[in-house]
Colleague: 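Shown below is the structure under consideration.
These numbers come from the heavy atoms of this one structure, side chains and all, not from hydrogens, waters or symmetry mates. If you're wondering where the values come from, they're calculated on a predicted model, not measured in any experiment.
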Amino acid sequence: MKASRDFWDDRSEDVVEAAEEEIAASFEALATALTSRWGGPEVVDLRPYLENEIPAPEPISKLCQLSAEMFVWHPGAGRWVALAVGQADSEFPILLLAAVGERSLL
């Protein structure tokens, strides 16, 4: 996980934009590395997991609370690797999240 600063004291456009750009650059660097190793990602919509009455298993539960989608690579052996960018609320840090899960969760 990589996190920007929080925005409790300053939510000015310049501060937020700089944080978004930093996290986006880190996301792109990791996504490029994962794509070169395992091919292009699958984009998974996380909203259905959040809207479901049955709680999603981890790490999906945490990811769907912070992000609307994740990029997923399938390295084999019944696992997936995912990247997502999210933010709990506008005052909280912007997060770059990496997760690994069992293929059966998707």
Side-chain angles (χ1 to χ4, degrees):
M1 178 178 78
K2 179 175 181 161
S4 71
R5 56 164 284 183
D6 66 45
F7 305 103
W8 290 102
D9 297 328
D10 188 357
R11 283 241 358 110
S12 65
E13 188 175 323
D14 293 342
V15 169
V16 173
E17 187 174 304
E20 289 172 339
E21 289 173 1
E22 177 186 347
I23 294 295
S26 295
F27 177 93
E28 287 300 321
L30 275 170
T32 298
L34 295 172
T35 296
S36 70
R37 183 170 184 139
W38 295 314
E42 168 190 1
V43 178
V44 175
D45 183 3
L46 293 171
R47 289 174 290 213
Y49 293 100
L50 186 61
E51 297 165 357
N52 195 343
E53 291 181 17
I54 300 169
E58 292 299 343
I60 300 289
S61 179
K62 180 69 170 179
L63 292 169
C64 73
Q65 293 175 40
L66 297 170
S67 183
E69 66 181 18
M70 66 181 179
F71 287 65
V72 178
W73 291 264
H74 299 280
R79 297 236 183 242
W80 50 263
V81 174
L83 292 179
V85 173
Q87 188 176 22
D89 202 1
S90 59
E91 293 84 14
F92 288 98
I94 300 167
L95 304 173
L96 171 57
L97 304 155
V100 175
E102 294 180 16
R103 189 168 287 207
S104 62
L105 294 179
L106 295 177

Colleague: Of the non-hydrogen atoms in P59 and V100, which two are nearest, and what is the gap between them?
Modeller: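 Heavy-atom minimum between the residues: CG-O, 3.7 Å.
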Colleague: To the nearest 0.5 angstrom, please state how far the CG atom of D14 sits from the CD atom of E17.
Modeller: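 Taking CG in D14 and CD in E17, the distance rounds to 7.0 Å.
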Colleague: Should V43 and W38 be counted in the same cluster of Ile, Leu, Val, Met, Phe, Trp and Tyr side chains packed under 4.5 Å apart?
Modeller: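 Yes, one cluster joins them.
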Colleague: Strictly distance-based, threshold 3.5 Å: is any side-chain N or O of T35 a donor or acceptor partner for the main-chain N or O of G40?
Modeller: no
Colleague: With no hydrogens and no angle check, do the side chains of S12 and D10 hold a donor and an acceptor under 3.5 Å apart?
Modeller: yes
Colleague: Would you please name every residue forming a side-chain contact (heavy atoms from CB on, under 4.5 Å) with P57, sequence neighbours left out?
Modeller: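 For P57 the side-chain contact (heavy atoms from CB on, under 4.5 Å) partners, ignoring immediate neighbours, are L105.
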Colleague: Atom CZ in R103, atom NE2 in H74: separation rounded to 0.5 Å?
Modeller: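 Between atom CZ of R103 and atom NE2 of H74 there are 5.0 Å.
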Colleague: Counting N and O atoms only, with roles assigned by atom type, does the side chain of S36 sit under 3.5 Å from a partner on the main chain of A33, one being a donor and the other an acceptor?
Modeller: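 Here the side-chain-to-backbone pair exists.
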Colleague: Write down the atom of A68, the atom of D45, and the distance for their closest heavy-atom approach.
Modeller: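 Looks like O-OD1, 3.2 Å.
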Colleague: If you look at every heavy atom in R11 and V16, which pair is closest and at what distance?
Modeller: NH1-CG2, 3.4 Å
Colleague: Give me the atom names and distance for the closest heavy-atom approach of Q87 to S90.
Modeller: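 The pair with the smallest heavy-atom distance is NE2-O, 3.5 Å.
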Colleague: Over all heavy atoms of both residues, which pair between M70 and A84 is shortest? Give the atoms and the distance, please.
Modeller: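 M70 and A84 have their closest heavy atoms at CB-CB, 4.0 Å.
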Colleague: Got a second to check how far S26's OG is from E21's CD, nearest 0.5 Å?
Modeller: 12.0 Å
Colleague: Cluster question for you: counting only ILVMFWY and a side-chain heavy-atom cut-off of under 4.5 Å, with indirect links fine, are F27 and F92 together?
Modeller: no
Colleague: Could you go through L63 and Y49, starting from their C-alpha distance and side-chain angles, then the distance that decides it, and tell me whether this counts as side chain to side chain contact (heavy atoms under 4.5 Å, CB included)?
Modeller: CA-CA 9 Å; L63 292 169; Y49 293 100; over 6 Å; no
Colleague: Are V81 and V85 connected, step by step, through hydrophobic side chains (Ile, Leu, Val, Met, Phe, Trp, Tyr) whose heavy atoms are closer than 4.5 Å?
Modeller: yes
Colleague: Please confirm whether the backbone N or O of E102 pairs with a side-chain atom of W80, one donor and one acceptor, at under 3.5 Å?
Modeller: yes
Colleague: Kindly determine whether I94 and E22 satisfy side chain to side chain contact (heavy atoms under 4.5 Å, CB included), including the steps that lead there.
Modeller: CA-CA 10 Å; I94 300 167; E22 177 186 347; over 6 Å; no
Colleague: Measure from the side-chain N and O atoms of Q65 to the backbone N and O of A88, and report whether any donor-acceptor pair falls under 3.5 Å.
Modeller: no
Colleague: To the nearest 0.5 Å, tell me how far D89 CG sits from F7 CZ.
Modeller: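 Rounded to the nearest 0.5 Å, the CG-CZ separation comes out at 11.5 Å.
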Colleague: Out of curiosity, does I23 fall in the hydrophobic cluster containing F71 (side-chain heavy atoms, cut-off under 4.5 Å, transitive links)?
Modeller: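 As far as the 4.5 Å side-chain criterion goes, I23 and F71 are connected within one cluster.
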Colleague: Take D6 and E91 through the test side chain to side chain contact (heavy atoms under 4.5 Å, CB included) and record every step on the way to the result.
Modeller: CA-CA 6 Å; D6 66 45; E91 293 84 14; over 6 Å; no
Colleague: Can you tell me how far the NZ atom of K2 sits from the CG atom of L30, to the nearest 0.5 Å?
Modeller: 9.0 Å
Colleague: Might you confirm whether atom CZ of R47 has over 12 heavy atoms from other residues, nucleotides or ligands at distances under 6.0 Å?
Modeller: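 No, not enclosed.
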Colleague: Say you draw a straight line from CD of E20 to CD of E13; how long is it, rounded to the nearest 0.5 Å?
Modeller: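 If I round to the nearest 0.5 Å, the distance is 9.0 Å.
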Colleague: Consider only side-chain heavy atoms of I, L, V, M, F, W and Y, link residues closer than 4.5 Å, and tell whether V72 and L97 are in one cluster.
Modeller: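 Looking at the clustering, L97 is in the same group as V72.
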